[in-house]
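First comes the structure, then the notes that go with it.
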Amino acid sequence: MKWVWRHQLICSFILTIVVIFSLTSCSTRRQLLILNWGEYINDDLVTAFEKEYNCTVSISIAESNELFYAKIKSGTTAYDLVVPSDYMVEKMYNKGLLQPIDFTKLPDYHEDDLLPGVKAIIEQLELTFPEARAYLVPYLWGTFGLMYNKNKKGLEEVIVEKEGWDPYFNKELLPKGTKVGMYNVPRFAYATTMFYQEKSPNIVTDETLSASKKILTNGKFDQWGTDQLKKQIASGNLDLAFMYTGDFLDQLYIELQGGTPLDEISFDIYIPEATIAFMDNLVIPKKARHVDLAHEFINYMVQKEQAYLNASVVGYCTPYQSAYDMIVNYEIVDEKWIEYFNEDDYGKDWLKNWSYAMQTYYPLPKPTDEIQFRGTVLSNKNLTNQDLTRITNMVNNAKVA
Amino acid sequence: MNKRFQKLATPYLIWLYILALFPAVFMFGLMFFNMEGIDTDEISFTFENFKQLAEPSTRIALLNSLKFSVLSTALCILLGYITAYFLYKSHIQNKFLVLTILILPMWSNLLLRTQALANIMEPNNIFTSLFHIQVKEDAVGIAGGDLAVIIGSVFTYLPFMILPIYTALEKIDPMLEEASLDLGSNEFTTFRRVTLPLSLKGVVTGSVMVFLPCMSGFAIPEILGKGNIVMIGNIIEQFFKNMNYNIGSLLAIVILILILASIALVNKFDKDGETVL
């Protein structure tokens with residue numbers, strides 16, 4: 001009797017497992033596995049793509065380039081698409097983790113349609129990674145800047161007049177009681193001190209490290225944070241901080257969509273001439289199992305209207321001139337977009353404000369501009385892991401000093 | 001104990017081996033290597049990682065962790081004992097309800113609670129915006145300082161102190177106190193010589209339960225200290241994020257040793273071994 005009971009138990013256990021597995025994996029539809037950043041895609045586009053191409057798109061999230069790398073390297077899940085930043089594409093390529101993109105399968109991708117800033121970033125990448133163009137399709141890009149509280153008397157004038165870095169690191173130049181925040185990623189903090197000294201952020205030596213430590217210590221930062229910084233400035237608890245321009249725009253969009261008119265917004269951002277620029281890219285890992293579907297997805301996302309819609313959910317900039325023009329020339333945009341970006345969901349004048357934001361914070365260079373592109377791409381090409389550890393320790397030592 | 005019931009502990013033992021013992025041994029091994037993530041491509045044997053212990057930031061972070069855990073535990077003992085004692089002595093009908101209310105904050109997410117606390121500690125907070133209070137421009141909040149972190153830790157871990165103390169108090173036979181009073185002790189002497197010694201086991205259990213998470217935690221100092229207060233947990237998190245599992249493991253093993261040492265210390269005082277292990 002006991003024997004029978006035990007076998008029944010084992011059998012039913014196995015049966016349950018089989019049923020569970022067949023329920024989850026036995027779908028006849030094609031499946032696309034994407035590894036992306038959090039809140040970095042317009043979900044409406046994903047749904048539309050699934051419907052149009054009769055497939056399921058499943059998106060996993062990772063919060064840093066290093067995690068992207070670890071997940072692709074370990075290969076436990078065969079992702080079909082990943083969205084790493086510039087330097088990480090280079091590293092993945094060097095480790096043989098990527099496959100070249102078949103541009104014949106991307107009829108809607110036109111390299112001449114890329115914005116000047118994006119072209120400049122790709123050219124910067126090509127200095128150390130000549131094959132870059134064959135392995136990536138730009139997804140979104142942006143810069144870093146100094147977000148500040150407009151209500152703090154005298155702050156805006158100092159930041160704009162002295163062009164950012166000097167007042168940022170010297171509290172005596174700032175109005176009394178200005179609270180300053182630093183982005184809590186050692187690599188970024190180090191880069192800011194290098195810009196301040198008018199040096200390249202991609203060099204690490206004993207001298208630059210000790211100079212950087214001194215600068216960070218003298219900075220006497222009131223807060224070290226990441227996503228919190230923008231909210232702190234918006235609520236008036238912080239006056240100045242270094243962050244992604246996209247962080248600032250996220251906060252701006254929240255306020256605008258919440259009904260605050262543009263001229264009543266209490267914060268703004270100053271983008272120094274020397275700052276970090278970055279570009280996130282769609283790349284296909286070597287181990288991808290749905291390569292054709294991945295190409296179809298890329299081709300879908302680079303289409304003008306899709307790129308336009310995708311840029312509306314984040315504070316970063318679309319890499320495509322055609323989509324950029326659609327945002328900027330909001331007065332002549334198709335009727336259906338006015339309906340899509342309705343007042344209930346997006347607040348009053350969304351299209352107008354969006355256009356303003358793009359032109360102000362991701363401006364196109366004028367032909368007369370001396371500098372056609374602002375920002376340096378962080379490259380870890382010449383940095384060893386020991387260098388990265390030294391940067392981390394240097395920043396921590398500055399914090400506790 | 002019935003042998004058949006002992007078998008029920010097997011899943012837990014397997015759990016313990018897979019999720020606690022194995023990773024600890026693995027981390028111990030990682031300390032002596034240099035590699036990227038858990039990637040065996042460019043692995044090399046090294047003692048370089050131990051240099052990390054000489055970094056000023058590591059030393060200060062360890063001291064910070066110790067300082068904040070000891071202070072928070074002491075405050076929790078004080079507040080927790082008073083609360084538990086008065087609850088035990090009171091004539092409230094439904095003590096269970098009171099205890100439930102005490103642990104009620106724990107039903108919400110820890111990070112959310114800490115973020116909310118951080119907001120209240122800022123000069124411009126939810127109340128000033130709700131009631132449209134004009135805040136002075138140079139107003140400073142307590143967020144970002146030592147006090148904020150201690151308040152946060154005590155607020156979060158106090159229930160872990162109250163519950164074991166209360167349980168220990170409830171276990172005391174009331175006749176012991178009556179006997180003490182009958183034999184001529186006053187209320188205070190009875191507390192000092194009967195109740196307190198008998199409830200100390202609860203205090204020890206509670207202390208361990210508060211001290212351990214304080215020692216290794218990183219979310220509370222990060223949020224309430226506004227990134228200014230560096231604890232050892234923060235540094236470990238940073239190294240793991242940078243894919244430097246080797247130095248991360250080394251530091252994790254260091255706290256593990258500290259924690260084991262403190263448990264050993266507790267065990268020395270508590271020879272029955274009833275409280276912790």
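Here is the naming used below: chain letters follow the sequence lines, and residue numbers restart at 1 for every chain. Side-chain atoms are counted along with the backbone in the values below, which use heavy atoms only and exclude waters and symmetry mates.
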Please look at [X] and chain A and tell me whether the side chain, the backbone, both or neither of the residue comes under 4.5 angstrom of a heavy atom of that chain.
| X | result |
| --- | --- |
| B:I223 | neither |
| B:E48 | neither |
| B:N64 | neither |

Can you tell which part of [X] gets under 4.5 Å to a heavy atom of chain B, answering side chain, backbone, both or neither?
| X | result |
| --- | --- |
| A:N151 | backbone |
| A:K95 | side chain |
| A:N385 | side chain |
| A:K231 | neither |

For the candidates [options], which exhibits the highest count of non-hydrogen atom pairs separated by less than 4.5 Å from chain B?
| options | result |
| --- | --- |
| A:E66, A:M182, A:E63, A:Q386 | A:E66 |
| A:N184, A:T389, A:L388 | A:T389 |
| A:K176, A:K152, A:R187 | A:K152 |

Test item: side-chain donor near acceptor, B:E55 and A:N397, under 3.5 Å: yes

Donor on one side chain, acceptor on other, A:N396 and B:Q238, under 3.5 Å: yes

Determine whether [X] and [Y] make a side-chain contact, defined as any pair of heavy atoms from C-beta on separated by less than 4.5 Å.
| X | Y | result |
| --- | --- | --- |
| B:R59 | A:V400 | no |
| B:K241 | A:P186 | no |
| A:Q228 | B:K226 | no |
| B:E36 | A:Y69 | yes |
| B:Q52 | A:N393 | yes |

Heavy atoms of other groups near B:F45 CZ, more than 12 under 6.0 Å: yes

Polar side-chain atom of B:N228 near backbone of A:D222 as donor-acceptor pair, under 3.5 Å: yes

Side-chain donor or acceptor of A:N237 paired with backbone N/O of B:E122 under 3.5 Å: no

Atom of A:K399, atom of B:G227 and distance for their closest heavy-atom approach: CD-O, 3.6 Å

